[in-house]
Amino acid sequence: MNSLKSTLKSNFILLAISSLKLLRFLPLPIIHGLGVILGLMSYIFNKDHRDHAIRNLKQCGLTSGDNDLNKLLFKSTLENSKGALETFAIWFKPQNKVTNWVKAVFGWVAVEQALKAGKGIIFLTPHLGCFEITSLYYGSQHPMAVLYRPPRQKWLLPLITNGRERGLIHLAPANAQGVKHLLQALKRGEAVGILPDQAPYEGEGEWVPFFGRAAYTMTLASKLAQKTGAQVFMAFGERLSFGRGYNIHIRALEAGAIATPALLNTEIEHTIKQCPEQYLWMYDRYKVRNQAPPPVL
């Protein structure tokens, strides 16, 4: 019986991967169109995700009343579903095809100036818009180390590795060895990429406000900036309507702007407010990993 279950599971995974690979043949408007259909189904039938997103939206205070909240919830659900499908398409498509989807890059002059300074670059990319496109675009031109957490579903690991580790990009696991990798890259004057709103494990963060509620927030980004003097940027890929592509927004932060996790969250909040309908509101930003100590504010 166990052998049969294992075989069925393996066959299902192979079928799922084969189906997802088909996305690489589709143009972006169709991928996003399918995402809209998927989003409508999620909005209607996935009560758990919807309720979780509602709690986060109420917490953030970006809406005035239930009507505004429901509009933002609906838009973000569709955008998040577009994001789910576009991620697999991006992983499977050739890198030059993906970078052609980028229509404009705002803030690139500051990036070039930081490269000339030679102290390294820290890109902070929250769960906002298309967070796969930013690293692939930069990594098509310059070396970059990207921090990642291995997924719970082991079958996803080779997809993530092959999808993200392209061009001049190298992946760094979220452990001591990976942090060492990031430090070495910064010392060489290269760039690193981090998801700053990802909940860290016990001992890797502090409890500080995020949209007015305690969230266990990483200390790594602040420590890297302080230790290396690297230029810090907030970056995200804005998803354009009707599958027209993406605009990458890059904002240079002043020295000391993320000196503490609390300041880091302030910068993340500011970035989210630029495009709140494309933030991953269903993400459990306030969760506690591995029995992290309770919040003290």
Side-chain angles (χ1 to χ4, degrees), residues 20 23-24 26-93 98-99 101-106 123-137 163-164 193 195-198 210-211 234-251 268-286:
L20 292 170
L23 291 169
R24 73 184 187 273
L26 300 178
L28 191 57
I30 293 180
I31 294 169
H32 282 176
L34 293 172
V36 169
I37 295 171
L38 182 65
L40 288 170
M41 294 174 62
S42 177
Y43 184 81
I44 295 169
F45 298 111
N46 197 331
K47 186 176 183 300
D48 289 341
H49 277 180
R50 187 171 67 248
D51 290 347
H52 194 86
I54 288 172
R55 286 194 296 271
N56 285 339
L57 285 168
K58 286 182 176 178
Q59 179 64 44
C60 77
L62 298 181
T63 58
S64 55
D66 290 342
N67 190 44
D68 279 352
L69 187 147
N70 289 327
K71 285 181 180 179
L72 184 51
L73 171 66
F74 181 73
K75 288 180 180 178
S76 66
T77 303
L78 300 190
E79 292 296 332
N80 294 166
S81 295
K82 290 179 189 178
L85 291 186
E86 77 190 3
T87 293
F88 291 108
I90 287 171
W91 286 351
F92 295 129
K93 275 185 177 290
V98 173
T99 54
W101 284 345
V102 176
K103 302 306 176 185
V105 182
F106 301 98
F123 284 110
L124 302 178
T125 307
H127 290 88
L128 178 67
C130 180
F131 38 91
E132 297 288 343
I133 197 79
T134 51
S135 58
L136 283 179
Y137 181 84
R164 292 178 176 171
L195 279 169
D197 55 343
Q198 193 166 44
F210 180 68
F211 285 116
M234 296 295 300
F236 75 96
E238 177 193 5
R239 188 178 302 109
L240 302 178
S241 59
F242 304 109
R244 291 180 293 126
Y246 307 91
N247 285 342
I248 295 178
H249 298 266
I250 302 172
R251 179 168 60 91
I268 296 172
E269 290 173 10
H270 180 75
T271 304
I272 292 170
K273 290 174 182 177
Q274 291 180 248
C275 196
E277 67 275 11
Q278 293 191 17
Y279 188 63
L280 192 64
W281 293 108
M282 65 180 65
Y283 179 64
D284 191 359
R285 181 64 184 84
Y286 303 101

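The figures here come from the full heavy-atom set of this structure, side chains too, leaving out hydrogens, waters and symmetry mates.
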Tightest non-hydrogen contact, residues L85 and L23, listed as O-CD1, 3.6 Å
Do I133 and V102 make a side-chain contact, defined as non-hydrogen atoms from C-beta onward lying under 4.5 Å apart? yes
If the condition is salt bridge (charged side-chain N to carboxylate O under 4.0 Å, His left out), which residues does E132 pass it with, not counting sequence neighbours? R164
Test item: side-chain donor near acceptor, R251 and T271, under 3.5 Å: yes
Around D51, counting heavy atoms of other residues, nucleotides and ligands shown, do more than 12 lie under 6.0 Å from its CG? yes
Do you know which two heavy atoms are closest between Y43 and F74, and how far apart they sit? CE1-CA, 3.8 Å
d(L57 CG, K71 NZ) to nearest 0.5 Å is 14.5 Å
E277 and C275, any side-chain heavy atoms less than 4.5 Å apart: yes
Could you report the tightest heavy-atom contact between N80 and Q278, atom names first, then the distance? ND2-O, 4.3 Å
Within the structure provided, determine whether I272 and F210 are in side-chain contact (heavy-atom separation under 4.5 Å). yes
So do the side chains of E269 and C60 get within less than 4.5 Å of each other, counting heavy atoms only? no
Do you know the tightest heavy-atom contact between L73 and R50? CD2-CG, 3.7 Å
Can you confirm whether M234 sits close enough to I268 that some side-chain heavy atom of one is under 4.5 Å from a side-chain heavy atom of the other? yes
Any donor-acceptor pair under 3.5 Å linking the side chain of K103 with the backbone of N247? no
Closest approach of E86 to R239 (non-hydrogen atoms, all atoms of both residues): OE2-NH2, 2.8 Å
Please check if the side chain of T87 supplies one atom and the backbone of G83 the other of a donor-acceptor pair under 3.5 Å. yes
Looking at P276, is its backbone amide N or carbonyl O close enough to the side chain of W281 to form a donor-acceptor pair, meaning the two atoms are under 3.5 Å apart? yes
Derivation of the side-chain contact (heavy atoms from CB on, under 4.5 Å) call for F211 and Y286: CA-CA 11 Å; F211 285 116; Y286 303 101; 4.0 Å; yes
Could you state the interatomic distance from CH2 (W91) to CG (L20), rounded to the nearest 0.5 Å? 9.0 Å
Y137 side chain near I248 side chain, heavy-atom distance below 4.5 Å: yes
Under the 3.5 angstrom rule, does the side chain of Y246 hit a backbone N or O of G129 as a donor-acceptor pair? no
Do you know which two heavy atoms are closest between R24 and F92, and how far apart they sit? CD-O, 3.5 Å
CG on L128 to CG on L280, rounded to 0.5 Å: 10.0 Å
Atom pair OG1 (T77) and CD1 (I44), whose distance is rounded to the nearest 0.5 Å: 10.5 Å
Under 3.5 Å, side chain of D197 to main-chain N/O of H127, donor-acceptor pair present? yes
Residues in side-chain hydrogen bond (donor to acceptor under 3.5 Å, both in side chains) with D68, at least two apart? S64
Distance from R55 atom CZ to D284 atom CG, nearest 0.5 Å? 8.0 Å
Could you tell me whether the side chain of N56 reaches within less than 4.5 Å of the side chain of M282, counting heavy atoms only? no
Student check: side-chain heavy atoms of Q198 and Y283 closer than 4.5 Å: yes
Going from OH on Y279 to CZ on F131, what distance comes out if it is rounded to the nearest 0.5 angstrom? 9.5 Å
